[in-house]
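For reference, the structure discussed in these notes is given below.
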Number of protein chains: 2
Amino acid sequence: MLTSDGVKAIRASLGKYPAFDKAFYELKNSADKALTKQIVVPVPKDAGGGYTHEKHKSNYYEMNAAGMMYQLTGESKYANFVRNMLMEYAKLYPALGLHPAGGTDTPGKLFWQALNDCVWLVNVANAYDCVYNYMNETDRAFIEQHLFYPMADFISNGNPANYAVFNKMHNHGTWAIAAVGMIGYAMGNKDLVEKALYGSKKDGQTGFIKQLDMLFSPDGYYTEGPYYQRYALSPFMTFAQAIQNQQPELTIFQFRDSILLKAVNALIQCAYNGKLFELNDALPKTYQTPEIISAIDIAYSINHNDRELLDIARQQNDFIVSNAGLTTAKAMYTEKIPSLKLHSCLLRDGAKGDEGGISILRTGQGDKQTCLVLKATSHGLSHGHYDKLALAFYDNGHEIVSDYGAARFLNIEPKSGGNYTKENRTYATQTIAHNTVTVNEKSHFNASIKLSSQHHSDIQFCDLSNPALQVFSAVERNAYSNVSLQRTTALLNDSTVFQYPIIIDIFRVNSTEALRTIDLPFYYKGHLVSTNFNYKKSTDMLKPLGVANGYQHLWVEATGSTNNLTACFTWVNDNRFYSITTIADTATQFFMTRLGANDPSFNLRNEPCFMVRQPDTQHRTFASIIEPHGNYDLVKEVTDGYQSTVGQLQLVYDKEDFTALKITTTGGKSFLFVGVNSDFDATKKRSLLLNGETISFTGNYYLQKYKK
Amino acid sequence: MLTSDGVKAIRASLGKYPAFDKAFYELKNSADKALTKQIVVPVPKDAGGGYTHEKHKSNYYEMNAAGMMYQLTGESKYANFVRNMLMEYAKLYPALGLHPAGGTDTPGKLFWQALNDCVWLVNVANAYDCVYNYMNETDRAFIEQHLFYPMADFISNGNPANYAVFNKMHNHGTWAIAAVGMIGYAMGNKDLVEKALYGSKKDGQTGFIKQLDMLFSPDGYYTEGPYYQRYALSPFMTFAQAIQNQQPELTIFQFRDSILLKAVNALIQCAYNGKLFELNDALPKTYQTPEIISAIDIAYSINHNDRELLDIARQQNDFIVSNAGLTTAKAMYTEKIPSLKLHSCLLRDGAKGDEGGISILRTGQGDKQTCLVLKATSHGLSHGHYDKLALAFYDNGHEIVSDYGAARFLNIEPKSGGNYTKENRTYATQTIAHNTVTVNEKSHFNASIKLSSQHHSDIQFCDLSNPALQVFSAVERNAYSNVSLQRTTALLNDSTVFQYPIIIDIFRVNSTEALRTIDLPFYYKGHLVSTNFNYKKSTDMLKPLGVANGYQHLWVEATGSTNNLTACFTWVNDNRFYSITTIADTATQFFMTRLGANDPSFNLRNEPCFMVRQPDTQHRTFASIIEPHGNYDLVKEVTDGYQSTVGQLQLVYDKEDFTALKITTTGGKSFLFVGVNSDFDATKKRSLLLNGETISFTGNYYLQKYKK
């Protein structure tokens with residue numbers, strides 16, 4: 001990770017850039033602390049979290065820190081530490097069989113799974129590279145012969161499963177490739193490097209370069225979602241940095257229209273207020289995570305023109321100790337830094353960009369930005385959820401309509417060993433856990449990953465060109481047999497009528513046969529204020545909503561119905577009110593649920609939900625407005641606008657060609673929003689006869705304002 | 001509020017102190033905006049929130065702003081606005097009867113309750129004072145005769161109820177006194193001023209001076225609790241400022257050992273991270289509230305030595321436009337500002353300081369301080385809760401074991417008109433809503449305010465002198481007939497054994513007859529991680545814990561019991577773990593509850609609770625440790641210390657003289673904590689025979705460390 005120029009520059013920089021100094025001295029402290037302890041290289045025995053596991057982890061971390069410090073200070077004590085520990089590993093390794101606790105398809109030798117062996121080798125390769133010149137030839141030969149070559153061989157070819165991983169188009173292979181490639185560079189072994197770059201057969205059909213082609217979409221989106229994109233980027237960026245240092249002629253960062261830099265930018269855009277969207281299996285992650293710190297440093301060092309990266313570096317205020325880290329830290333102190341602009345974008349999914357995508361609609365800037373996320377992608381490998389066309393909404397600095405993410409307490413041993421809890425499968429991945437439609441209380445693809453992985457949603461149209469009205473439309477045809485799901489969402493910014501930007505959400509469900517139930521839940525964050533319909537809350541007993549597919553986890557707190565054609569549900573979050581106003585009829589049922597039923601170990605968060613159910617029908621178009629409104633200032637004790645501005649919603653037309661929604665405000669102003677349902681073409685002239693009046697427009701949608 | 005020197009100083013200051021400029025121009029903008037509108041003085045009709053109510057509110061606000069601006073700019077247009085509006089009021093007022101919407105004992109004329117009329121007059125008195133010299137004698141006479149004199153008379157003597165309020169030792173009278181006193185000063189009428197200061201009979205048995213004697217404890221504590229102390233301080237500080245300006249010879253701020261400044265400081269101490277403790281009827285309030293901004297400015301302008309006030313002013317970054325505001329703003333820019341130190345303290349309750357009190361035990365500084373609050377006061381007037389010896393715990397920047405505060409959505413009309421909801425009475429005020437003991441599922445004093453107001457808890461001892469071990473003990477003898485409740489709490493800071501400071505909590509319950517149930521709940525904030533006892537969670541049905549006294553609002557999520565003598569309950573909050581370890585036996589029952597049953601309108605927050613119940617006994621001593629531990633870093637994915645350090649708790653002695661608790665850590669270290677239960681004397685020598693060993697110490701408590 002270090003070049004000789006980088007070493008000189010880092011030495012010369014000390015004392016100049018406090019945030020970089022901090023990172024440097026943290027690493028130095030780790031190395032110094034390591035040197036005070038006896039070297040222990042235990043025989044592998046324990047699984048994740050156990051003694052030998054943690055010891056081998058800290059050993060690689062310490063070797064890496066000491067190797068770096070040898071380069072950066074020139075003090076031989078650091079190099080000697082690395083040498084001595086490597087000698088111990090070289091003595092141990094040849095006798096090792098597969099790890100005794102390895103219950104996976106791909107057990108490691110030092111660790112219970114080979115993935116950890118790879119991470120170990122990526123770090124130790126860097127350490128070895130740092131002390132290579134310090135060591136004599138005899139020691140090097142001993143270590144390479146007894147440790148590194150056998151290990152590289154084990155990882156890439158130790159058994160059919162390892163060979164498969166090494167050559168798979170999957171991020172699990174990226175760590176294996178990085179490990180083999182980096183130790184190849186450190187030892188000067190061209191064969192290993194070529195296998196890493198071009199696959200075991202060196203034919204380019206597998207290997208790192210092919211992964212760059214296959215694992216990111218043309219927009220830099222990684223199919224598992226932002227949480228795992230962050231994780232996957234780590235070996236990609238690290239190995240690419242090594243390639244850049246060792247074989248700059250490959251111009252790896254420019255490969256495929258700079259796909260790695262695009263991937264970094266795509267990840268940054270998948271966030272609200274510095275926090276990644278919690279799509280698929282996800283826990284809260286911010287820009288402060290080590291993987292993103294590293295990615296930002298490397299990306300900026302490659303492309304100095306992307307100075308908004310410096311704004312993120314400033315938020316992180318932490319750096320990797322390397323050329324890239326120093327370059328970025330120095331720029332943070334010396335360059336003019338523009339504010340990071342999170343903008344509306346469409347991130348297509350799939351290697352060719354033709355497997356649906358995620359739309360991110362934003363308006364406003366800074367920490368109070370309004371943001372709508374719609375997910376219409378492929379399944380997302382093993383961490384995907386069954387949530388086609390799911391929505392998440394952010395406003396005023398907060399998550400407002402939320403995606404649950406993963407049911408997991410990472411690294412908290414008493415909670416299912418820190419792994420995904422049972423409820424991740426029984427609830428969090430199920431469709432009803434998401435802000436999208438569930439039909440007949442069954443999840444999309446009947447929650448079969450095999451089935452779900454064969455399909456993807458399709459983007460119908462997307463127009464982000466007008467900041468006042470951004471529109472996205474997608475369709476899902478395979479989640480249920482003979483049922484089509486189509487969602488068209490718009491972010492409308494019209495401050496003359498609405499205090500804040502609002503969301504128009506039209507969800508069409510069409511089936512060739514009668515459906516028992518069609519459910520559209522909204523997982524809102526905040527406290528219920530009012531409804532315009534009557535509900536009955538269960539006061540002395542709670543029962544679950546259903547028995548399977550996630551429904552068994554929802555307590556029914558209240559049920560309601562209405563005689564109006566427009567239902568409104570209002571809650572308060574922080575200092576702002578929010579309403580969902582939605583089209584209803586007398587058959588429509590409303591549920592207010594709370595998560596937590598059938599959760600014997602308190603693994604679920606007790607979150608509330610407003611659910612709209614239409615029973616016994618073949619066709620249902622949910623048309624809703626999500627509207628922030630008013631002001632609730634508890635400090636100054638001022639409240640205004642606690643009531644929705646939306647008075648009435650009417651589907652004035654809803655057929656296979658168009659859907660037209662009339663929105664009438666309480667002040668009597670009207671909007672007509674028309675979305676095209678087929679024959680999409682942004683340049684096509686359309687006309688539609690509505691109540692004797694012909695509406696004409698060009699493109700895929702239309703908004704008429706202040707119509708009487 | 002302004003003096004002529006102040007006017008000159010403010011004029012000269014503009015442009016120098018940006019935060020004060022901001023306050024000035026906000027006020028000026030309000031005045032300028034008012035001048036563009038037609039003056040409307042409607043006939044009073046509507047209750048709170050309605051048109052005429054809000055109009056009369058904005059009218060006084062506008063007159064006050066315009067009056068101030070006349071003084072500060074010299075532009076007569078402002079004075080003319082005030083004059084014109086006052087003339088309209090003077091024409092309207094004589095014809096007014098009691099307000100038509102007044103359903104209270106003390107209806108107003110302009111507003112539905114006389115309290116609002118008083119607030120109106122406080123503000124308008126200031127406006128009139130500002131424009132007094134601008135107006136001609138005829139106009140003044142007309143306004144005084146038709147508006148101010150009748151109004152002052154109505155407020156102080158309009159009917160027996162108003163007379164009673166004006167002469168009552170209750171903060172409802174303070175606004176009336178301030179209104180009459182301030183209009184008296186503005187008109188130069190000594191009679192009104194004297195009545196305000198010394199009561200209607202001018203004998204000093206009532207009136208402002210007497211209120212200063214009676215309504216604050218010698219430590220400056222106001223009996224209703226911090227939320228209402230903030231509110232009550234507003235008329236106290238405003239009128240005192242007027243007195244100081246008009247009759248400096250009264251040295252009102254020095255009265256009773258500077259009781260008003262003490263009250264400001266007491267309020268500041270009743271906070272964690274700038275947020276007031278939510279005791280009694282309370283909603284979240286921060287140092288940013290207008291009442292505290294005003295109090296800080298006035299207090300600093302009186303006592304420049306209290307420079308920590310400037311640290312609060314800096315947080316507020318907002319000022320009142322007055323001499324006091326300018327003085328404070330200037331100092332904020334020019335003085336060296338020490339950090340505000342929130343320190344341990346005992347705030348005694350009662351005019352004489354002999355009606356119990358609140359202990360605040362703290363360790364550490366800044367926003368991660370650890371803080372324990374124990375409430376052992378008198379009832380707290382109409383806003384008190386039935387929560388003798390209740391505890392609240394704060395750590396790491398968060399509320400960890402919490403007081404519910406009020407069940408109210410202030411100013412949110414659809415939620416019970418913004419007033420206290422029904423559940424405030426049925427839940428929030430009841431004993432079981434608090435972290436204290438409930439006996440036989442009945443609230444303290446059977447929730448009778450009449451009964452509760454006749455008694456108060458008593459402080460047994462309090463020693464805050466040793467930062468490593470702070471101890472407080474209080475007793476409540478009247479909450480239940482024939483039952484004594486005693487709680488001794490200690491904040492122990494011993495970083496050689498415990499990573500963070502811990503709480504030792506010994507709650508003794510002794511009855512002369514058998515009790516059916518003794519319940520001690522802990523309302524924890526966070527997510528359950530583990531327990532060392534078995535529990536069974538209700539998976540397919542929830543039922544309430546009881547039928548009355550708050551129990552009807554608690555869903556029973558799980559029940560448990562244990563064969564161990566030590567039970568442990570662990571949860572996670574933000575990046576830290578917390579455990580409550582408590583003494584148990586096989587009869588002890590554990591409940592995990594969640595709030596929300598019998599809450600038909602979604603008025604309660606769904607908060608979780610861990611409850612310890614001892615059934616069928618006369619005596620029970622709950623001995624518990626509340627312990628923060630470990631680190632949960634989801635950014636760096638590092639977890640440690642998720643298990644409690646407390647291995648075993650044993651009550652090795654528990655009689656009427658002493659209670660001795662042995663705490664043994666998982667590492668095998670032991671502590672012996674002894675609390676004295678009677679015969680309190682900090683200088684008394686004690687000895688206690690324990691297992692053949694004599695323990696000797698002086699004072700009311702004792703800690704032996706590392707005892708084997």
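Numbered from 1 within each chain, the chains take letters A, B, ... in sequence-line order.
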| request: Pick out which of A/E607, A/H527, A/R594 makes a side chain to side chain donor-acceptor pair (under 3.5 Å) with B/N606. | output: A/R594
Can you tell me how far apart [atom1] ([X]) and [atom2] ([Y]) are? Round to the nearest 0.5 Å.
X: B/D599; Y: A/T539; atom1: CG; atom2: OG1; value: 9.5 Å
X: B/L528; Y: A/K415; atom1: CG; atom2: NZ; value: 5.5 Å
X: B/E54; Y: A/D640; atom1: CD; atom2: CG; value: 10.5 Å

| query | Stepwise, does the side-chain contact (heavy atoms from CB on, under 4.5 Å) test hold for B/F602 with A/W571? | reply | CA-CA 11 Å; B/F602 290 90; A/W571 71 98; over 6 Å; no
Do other residues, nucleotides or ligands put more than 12 heavy atoms under 6.0 Å from [X] [atom1]?
X: A/K275; atom1: NZ; answer: no
X: A/K22; atom1: NZ; answer: yes
X: A/N534; atom1: CG; answer: no
X: B/K57; atom1: NZ; answer: no
X: A/K543; atom1: NZ; answer: yes

Relative to chain B, which segment of [X] carries a heavy atom at a distance below 4.5 Å: side chain, backbone, both, or neither?
X: A/L604; result: backbone
X: A/V547; result: neither
X: A/D633; result: neither
X: A/P284; result: both

| What residue, out of A/Q552, A/E413, A/E291, A/Q288, has the most heavy-atom pairs lying under 4.5 Å from chain B? | A/E413
| query | Which one, A/P544, A/G418, A/A597, A/S538, leads in non-hydrogen pairs under 4.5 Å with chain B? | reply | A/P544
Side chain [X], main chain [Y], donor-acceptor under 3.5 Å:
X: B/Y632; Y: A/L410; result: yes
X: B/K285; Y: A/L634; result: yes
X: B/K536; Y: A/P600; result: no
X: B/N411; Y: A/T639; result: no

| note | Most heavy-atom pairs under 4.5 Å with chain A, out of B/T289, B/D540, B/V572, belong to B/D540
| message | Which one wins on heavy-atom pair count under 4.5 Å against chain A: B/E637, B/Q643, B/K636? | response | B/E637
| request: State yes or no: are the ring centers of A/Y642 and B/F409 separated by less than 6.0 Å? | output: no
| Would a 4.5 Å heavy-atom cut-off, applied to side chains only, mark A/T286 and B/V635 as touching? | yes
